[in-house]
Amino acid sequence: MPKQKSWAEPWKIKMVEHLRMTTKDERIEAIKEAGYNTFLLKSKDVYIDLLTDSGTNAMSDRQWAGIMLGDEAYAGSRNFYHLEKTITDYYSYKYLIPTHQGRGAEHIFSQIMIKEGDYVPGNMYFTTTRLHQELAGAIFVDIIIDEAHDTESHHPFKGNVDLKKLQKLIDKVGAKRIPYVSMATTVNMAGGQPISMANLKELREFTKKYNIPIAHDMTRVAENAWLIRQREKEYENVPIKDIVYEICSLTDHATMSAKKDPIVNIGGFLATNDEDVYQQAQNMVVIYEGLHTYGGMAGRDMEALAIGIVESVSDDHMRARVGQTQYLGQNLLDFGVPIIVPIGSHGVFLDAKKFLPHLEQNVFPAQTLAAEIYIESGVRTMERGIVSAGRSKETGEHYYPKLELVRITLPRRVYTQSHMDVTAESIAAVYERRNSIKGLRFTYEPEYLRFFQARFEPIE
Ligand code: P61
């Protein structure tokens with residue numbers, strides 16, 4: 001008997017949601033109406049929705065049962081105390097402030113920590129995170145290792161921090177101008193790439209010397225833990241649950257978009273070990289989110305989240321979750337399609353510069369490619385390139401990120417292996433006709449997070 005390698009799911013399907021199949025003509029019309037922006041498509045026109053893994057997950061029967069246990073008291077809901085205890089037990093943090101989703105936590109945290117003129121170093125930017133840092137007066141500084149910007153580098157931990165880059169920033173601006181280091185597990189914009197435990201420990205030692213706290217974007221911490229287990233020898237037999245706990249213990253504060261790892265449709269939180277930050281956050285949450293024992297979430301949602309956290313750190317769950325991503329990625333590699341390697345955890349990222357080498361970055365190759373994939377088969381993906389990067393706060397010019405990507409993101413527990421096959425085949429079909437594809441130009445560009453609502457037209 002061969003040794004079992006399958007990542008088959010540790011669940012079965014209890015209820016299905018019907019999908020609508022569309023014709024190519026219908027899709028050409030739909031994407032035109034959406035201004036060639038997949039964020040503006042109506043979901044009824046999408047067959048396989050791989051736009052994001054955010055809030056698109058399938059909850060378990062236990063989570064749905066938790067929904068029925070919602071205690072919708074305005075103050076002191078029992079679900080809040082359950083969630084608070086779960087966060088301390090699984091993530092180690094002492095204090096919890098629930099928020100409506102991740103960016104609610106980022107807003108409050110950035111306003112508390114940052115003073116005008118500060119610098120926030122981080123292992124690559126994330127769109128909402130950097131915007132909140134900038135709105136609070138900071139300048140973001142990328143301190144991720146160079147390999148993260150190279151789609152072909154096989155470095156196993158492309159989420160690692162380059163301590164020399166951090167040292168350089170400290171030498172230039174002084175540790176007092178750095179309110180915290182922003183450290184994400186995994187790094188979304190780099191292709192769902194992990195940080196290693198060894199690097200995190202070094203970062204911890206280093207920042208201690210300068211008294212700089214670490215703020216953890218823990219949106220996909222359990223996925224990072226799985227990749228540590230796969231790629232860091234010392235951890236090959238350690239349960240995900242313990243790796244997650246250890247990662248969190250090496251940091252001081254955390255923001256979480258609970259719509260990812262913990263398998264719920266809405267929610268987030270700020271967690272901290274610092275009593276002073278907690279008190280300030282309690283003060284602010286009532287202005288922007290809601291009372292400190294619900295902060296924008298219904299009681300039932302806090303209950304589903306508490307249950308989802310426990311499910312998210314199951315080894316069997318994570319084996320299937322990341323296994324599916326690896327399966328899709330390997331299929332695409334077999335078709336010769338250029339993707340980021342190593343394959344990450346929450347999605348497969350197409351290298352649009354290599355896919356469409358005849359297009360300059362200022363005609364938006366990744367935006368164009370996402371639109372073409374939709375036209376081909378009704379699969380919805382997301383641009384993660386120059387449109388997502390936006391414009392520099394200082395110069396007003398486009399940022400020109402090295403990475404020009406299309407993200408094919410996998411919701412948790414939603415799609416089957418056959419959906420992955422159809423996705424890979426349809427992207428391979430676009431790859432075959434790549435030379436005839438032309439770029440796009442803006443017809444509308446919003447000021448903030450422009451990728452969500454921007455509109456384009458084809459360049460003839
Ligand atoms: C996503 F196109 N991510 O990946 P919120 N940190 C991290 C995230 O991945 C994240 C948030 C904070 C989304 C949704 C989204 O440019 C975009 O709960 C690592 O969405 O507020 C969200 O958490 C923010 C899609 C966000 C985007 C911003 O699909």
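On a predicted model such as this, the values are computed, not experimentally measured, just so you know. Heads up: numbering here begins at 1 and tracks the sequence. Ligands are counted one by one from 1 in listed order, and the atoms in each one are counted from 1 as well.
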Around K402, counting heavy atoms of other residues, nucleotides and ligands shown, do more than 12 lie under 6.0 Å from its NZ?
no

If we count only N and O atoms by modelled type, under 3.5 Å, do the side chains of H216 and T185 hold a donor and an acceptor together?
yes

Any side-chain donor near an acceptor of the partner, S77 and N79, under 3.5 Å
yes

Does the plane of the ring in F442 sit parallel, tilted or perpendicular to the ring in F456? Use 30° and 60° as the thresholds.
parallel

Look at the rings of Y125 and F140 and say which category their plane angle falls in: under 30° parallel, 30 to 60° tilted, over 60° perpendicular.
perpendicular

Identify, for [atom], the protein heavy atom at the shortest distance, and state residue, atom and that distance.
atom: atom 2 (F) of ligand 1; value: R384 NH2, 3.0 Å
atom: atom 7 (C) of ligand 1; value: D217 OD2, 3.4 Å
atom: atom 13 (C) of ligand 1; value: K260 NZ, 3.3 Å
atom: atom 4 (O) of ligand 1; value: R407 NH1, 2.8 Å

Which of the ligand 1 atoms, numbered from 1, are nearer than 4.0 Å to a heavy atom of [X]:
X: T127; result: 16 (O), 17 (C), 28 (C)
X: T52; result: 1 (C), 29 (O)
X: G102; result: 5 (P), 18 (O), 21 (O), 23 (O)
X: E106; result: 6 (N), 12 (C)
X: F39; result: 2 (F)
X: R103; result: 5 (P), 20 (O), 21 (O), 23 (O), 26 (C)

Quick check: does any side chain N or O of Q63 sit under 3.5 Å from a backbone N or O of S60, one acting as donor and the other as acceptor?
yes

Spell out, as yes or no, whether a donor-acceptor pair under 3.5 Å connects the side chain of N273 to the backbone of K94.
yes

Under 4.0 Å, counting heavy atoms only: does R220 come that close to any atom of ligand 1?
yes

State whether F451 and R384 meet the cation-pi test: NZ (Lys) or CZ (Arg) under 6.0 Å from the six-membered ring centroid, and within 45° of the perpendicular axis.
yes

Measure centre to centre between the rings of F109 and H253, then say whether the value is under 6.0 Å.
yes

When you look for heavy atoms under 4.0 Å from ligand 1, do you find them on the side chain of K259, its backbone, both, or neither?
side chain

Test of understanding: given a 4.0 Å heavy-atom threshold, classify the contact between R450 and ligand 1 as side chain, backbone, both, or neither.
neither

Min over F451, F126, F452 of heavy-atom distance to atom 11 (C) of ligand 1 lands on F126

